[in-house]
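Everything below concerns the one structure shown next.
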Amino acid sequence: MEWVLFVSLQWIVLGSATQPTSQLIQPFASEELCNNAAEAIRNEINAPIPAQRVQTLGRVVCLRKDK
C-alpha cells in the first residue's frame with residue numbers, strides 16, 4: 001500500500017486571493033512518512049514572511065493509494 005500527499009495552496013496578496021493550485025506528491029511507503037512530509041509542509045506554510053503583505057493558505061492531506 002502506498003500513500004500520496006495532496007497539497008492545495010492559495011495566496012492572499014494585498015487582500016486579493018489568487019486561484020488555488022494543487023499538487024500530488026507520491027509515493028510514500030508508509031502513512032508515517034507521508035504525515036512527516038505533510039507536517040513539514042504545514043510548518044513552512046505557517047512560517048511568516050517578514051515585511052510581506054502575503055498570506056498563504058494551504059490544505060495538506062495524506063491519502064492511501066490502493067494499487
Side-chain angles (χ1 to χ4, degrees):
M1 176 181 330
E2 293 180 341
W3 291 82
V4 296
L5 182 58
F6 176 77
V7 180
S8 178
L9 298 172
Q10 184 176 31
W11 292 269
I12 310 295
V13 181
L14 299 172
S16 297
T18 64
Q19 288 293 322
T21 62
S22 60
Q23 183 173 2
L24 198 60
I25 303 169
Q26 60 182 330
F28 291 90
S30 70
E31 183 179 14
E32 181 181 4
L33 290 173
C34 187
N35 285 330
N36 288 344
E39 186 63 27
I41 291 171
R42 282 187 202 99
N43 288 338
E44 190 66 30
I45 289 170
N46 292 327
I49 302 171
Q52 297 293 318
R53 298 172 84 180
V54 176
Q55 179 183 7
T56 305
L57 306 175
R59 179 167 293 234
V60 184
V61 179
C62 287
L63 305 167
R64 186 177 69 209
K65 179 181 176 183
D66 294 325
K67 291 184 178 183

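Values below: every heavy atom of this structure, side chains too, minus hydrogens, waters and symmetry copies.
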What are the two closest non-hydrogen atoms of Ser30 and Trp3, and how far apart are they? C-CD1, 3.4 Å
I'd like to know if Ile25 and Met1 are part of one continuous hydrophobic network [Ile/Leu/Val/Met/Phe/Trp/Tyr, side-chain heavy atoms within less than 4.5 Å]. yes
Is it the case that one hydrophobic cluster holds both Val61 and Phe28, taking links as side-chain heavy atoms less than 4.5 Å apart, direct or via other members? no
Step through the shown structure and confirm whether more than 12 heavy atoms of other residues, nucleotides or ligands are within 6.0 Å of CZ on Arg64. no
Ile41 with Val54, same ILVMFWY side-chain cluster at under 4.5 Å: yes
Thr18 side chain vs Trp11 backbone, donor-acceptor pair below 3.5 Å: yes
If you draw a 6.0 Å radius around CD in Glu44, do more than 12 non-hydrogen atoms from other residues or ligands fall strictly inside? no
Is the CD atom of Gln26 crowded by more than 12 outside heavy atoms at less than 6.0 Å? yes
What's the separation between atom CD in Glu2 and atom CG in Leu63, rounded to the nearest 0.5 Å? 13.0 Å
CG (Leu33) and CG (Leu5) are apart, to the nearest 0.5 Å, by 11.5 Å
Check for me, please, whether Ile12 and Val7 land in the same ILVMFWY cluster - side-chain distances under 4.5 Å, paths through other members count. no
Under 4.5 Å between side-chain heavy atoms, hopping through other hydrophobics if needed: is there a path connecting Val4 to Leu9? no
Rounded to the nearest 0.5 Å, what separates atom CZ in Arg42 from atom CG in Asn35? 7.0 Å
How far does SG of Cys62 sit from CD of Glu32, to the nearest 0.5 angstrom? 11.0 Å
